[in-house]
Chemist: 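Provided herewith is a single structure, encoded as structure tokens, for subsequent inquiry.
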Amino acid sequence: MTTSQLTEQIRLKKSFLCIGLDVDLNKIPQHLLKEEDPIFAFNKAIIDATQHLAVAYKPNLAFYEAHGIKGFKALGKTIDYLNEKHPEIFTIADAKRGDIGNTSGMYAKAFFEDLNFDAVTVAPYMGKDSVEPFLAYGNKHTILLALTSNAGAYDFQTQQVDGEELYKKVIKISKTWNNGQNLMYVVGATKAEHLREIRKIIPESFLLVPGVGAQGGSLKEVCEFGMNRKVGLLINASRAVIYASQGADFAEAAAAEAERLQQEMASFL
């Protein structure tokens, strides 16, 4: 999917909502545990209830890897379902990969060819040769961790290196990599005060923004400082949507919370 197609969906749905499919079997409705594949049953119900409100879905790989083969099968069924039923929706593998070149190449093959995600999150710590294997897929998108929403982000990301914060240096250098135009960036909503400076460096890039909702980030501030002429934002909400209820009405409750977010987003478009 191109960024133009993604922008078209944002305009059509009046939404830039990305729903994180972070499935914790301890939190899903207990009746689903009787299903042959509880993770996929939960995901399918959430997708069916919210697909008209979201422009992207983002499974976090940890919640699938924790269940071994069963988890991977559920992930495969989820992405197959999205690609078959809703090919207009942007799909993100929240995998946070990044390794030496040949290993990154295998990660890229797994997520872009075998699973057929539109995008994957990648950690930039190992540098250019760990990221370019993902960028080699010209029709896919690599989402680089830039300034994350967790408290530990201050341990390294905002430290000064030669008079400049490290995350800014990472963003600037990444623009010089092969196919760097296909990069998107993770910027946490809890770091909204940095968005104005980030937009000076990457005015046209899409930003994936976690941290609105359960982590306390402000949608208003993110839109004020981070929105560009193409919108350029994907606001991720996970727990606030998918666990809006743990009862039999979980899908309806998720849709209600997604609609609340969509309506708030629509006011900024």
Side-chain angles (χ1 to χ4, degrees), residues 1-3 6 18-23 39-40 43 56-84 87 89-150 152-153 156-157 166-167 169-171 173-188 202 205-210 234 236 238:
M1 178 181 290
T2 65
T3 54
L6 177 55
C18 172
I19 295 178
L21 298 175
D22 303 354
V23 187
I39 296 174
F40 176 67
N43 283 346
Y57 287 95
K58 181 178 71 64
N60 185 310
L61 269 290
F63 290 87
Y64 300 84
E65 292 171 338
H67 300 285
I69 296 299
K70 289 182 179 179
F72 272 103
K73 286 183 178 178
L75 176 66
K77 287 163 69 174
T78 299
I79 187 62
D80 286 347
Y81 185 74
L82 280 167
N83 286 336
E84 179 183 348
I89 290 179
F90 195 68
T91 56
I92 302 168
D94 191 0
K96 300 180 179 70
R97 297 303 199 256
D99 207 327
I100 59 173
N102 62 335
T103 307
S104 280
M106 291 296 103
Y107 282 136
K109 181 179 185 299
F111 294 114
F112 290 153
E113 294 184 32
D114 297 339
L115 290 168
N116 198 22
F117 277 95
D118 292 309
V120 61
T121 57
V122 172
Y125 191 79
M126 291 181 68
K128 174 181 178 177
D129 57 320
S130 70
V131 179
E132 284 190 338
F134 296 94
L135 291 172
Y137 289 79
N139 61 335
K140 302 290 186 177
H141 302 275
T142 302
I143 308 179
L144 211 64
L145 302 182
L147 187 61
T148 54
S149 58
N150 61 306
F156 302 114
Q157 296 167 26
L166 180 59
Y167 78 89
K169 192 173 289 290
V170 167
I171 295 171
I173 292 173
S174 71
K175 291 170 61 180
T176 70
W177 296 340
N178 289 330
N179 290 327
Q181 71 276 4
N182 288 337
L183 283 167
M184 299 179 175
Y185 298 85
V186 174
V187 179
I202 42 171
S205 300
F206 260 88
L207 306 179
L208 173 62
V209 184
L234 290 172
N236 184 74
S238 300

Chemist: Taking all atoms of both residues into account, what is the closest heavy-atom pair of D22 and K58, and its distance?
Modeler: OD1-O, 3.8 Å
Chemist: Which heavy atom of A95 sits nearest a heavy atom of V120, and at what distance?
Modeler: CB-CG2, 3.9 Å
Chemist: Taking atom CD1 of I143 and atom CG of D118, what is their separation to the nearest 0.5 Å?
Modeler: 9.5 Å
Chemist: Less than 4.5 Å apart, any side-chain heavy atom of L234 and any of L6?
Modeler: yes
Chemist: Can a side-chain donor-acceptor contact be found between Y64 and T78 if the only test is distance below 3.5 angstrom?
Modeler: no
Chemist: Looking at every non-hydrogen atom in both residues, tell me the closest pair between Y57 and L82 and how far apart they are.
Modeler: CD1-CD2, 3.6 Å
Chemist: Return the CG to CD distance between L75 and E65, rounded to the nearest 0.5 Å.
Modeler: 8.5 Å
Chemist: Could you check K140 against N182 for side-chain contact (heavy atoms from CB on, under 4.5 Å), going step by step and ending with a plain yes or no?
Modeler: CA-CA 7 Å; K140 302 290 186 177; N182 288 337; over 6 Å; no
Chemist: Nearest 0.5 Å, what's the CE-CG distance between M106 and D114?
Modeler: 9.5 Å
Chemist: If I compare all heavy atoms of Y137 with all of A108, which pair ends up nearest, and what's the gap?
Modeler: CE1-CB, 3.6 Å
Chemist: Using 0.5 Å steps for rounding, measure from the CE atom of M184 to the CG atom of L208.
Modeler: 9.0 Å
Chemist: Within this structure, what is the CD1-SG distance for the pair I92 and C18, rounded to the nearest 0.5 Å?
Modeler: 4.0 Å
Chemist: For K70, does the NZ atom have more than 12 heavy-atom neighbours from other residues, nucleotides or ligands under 6.0 Å away?
Modeler: no
Chemist: Any side-chain heavy-atom pair from Y81 and F40 closer than 4.5 angstrom?
Modeler: yes
Chemist: Any chance NZ of K169 has more than 12 other-residue heavy atoms, nucleotides or ligands included, within less than 6.0 Å?
Modeler: yes
Chemist: Are H141 and F90 an aromatic pair by the rule of ring centers under 6.0 Å?
Modeler: yes
Chemist: What's the spacing between D129 CG and N102 CG if we round to 0.5 Å?
Modeler: 10.0 Å
Chemist: Can you confirm whether K96 sits close enough to N60 that some side-chain heavy atom of one is under 4.5 Å from a side-chain heavy atom of the other?
Modeler: yes
Chemist: Quick one, N178 with L135, criterion side-chain contact (heavy atoms from CB on, under 4.5 Å). Give me CA distance, side-chain angles, the key distance, then yes/no.
Modeler: CA-CA 7 Å; N178 289 330; L135 291 172; 5.8 Å; no
Chemist: Can you check whether G101's main-chain N or O pairs, donor with acceptor, with S130's side chain at less than 3.5 Å?
Modeler: no
Chemist: Look at the aromatic rings of F117 and F111 and report parallel, tilted or perpendicular, splitting at 30° and 60°.
Modeler: perpendicular
Chemist: The test is side-chain contact (heavy atoms from CB on, under 4.5 Å); show your working for I202 and L207 and say whether it passes.
Modeler: CA-CA 9 Å; I202 42 171; L207 306 179; 3.9 Å; yes
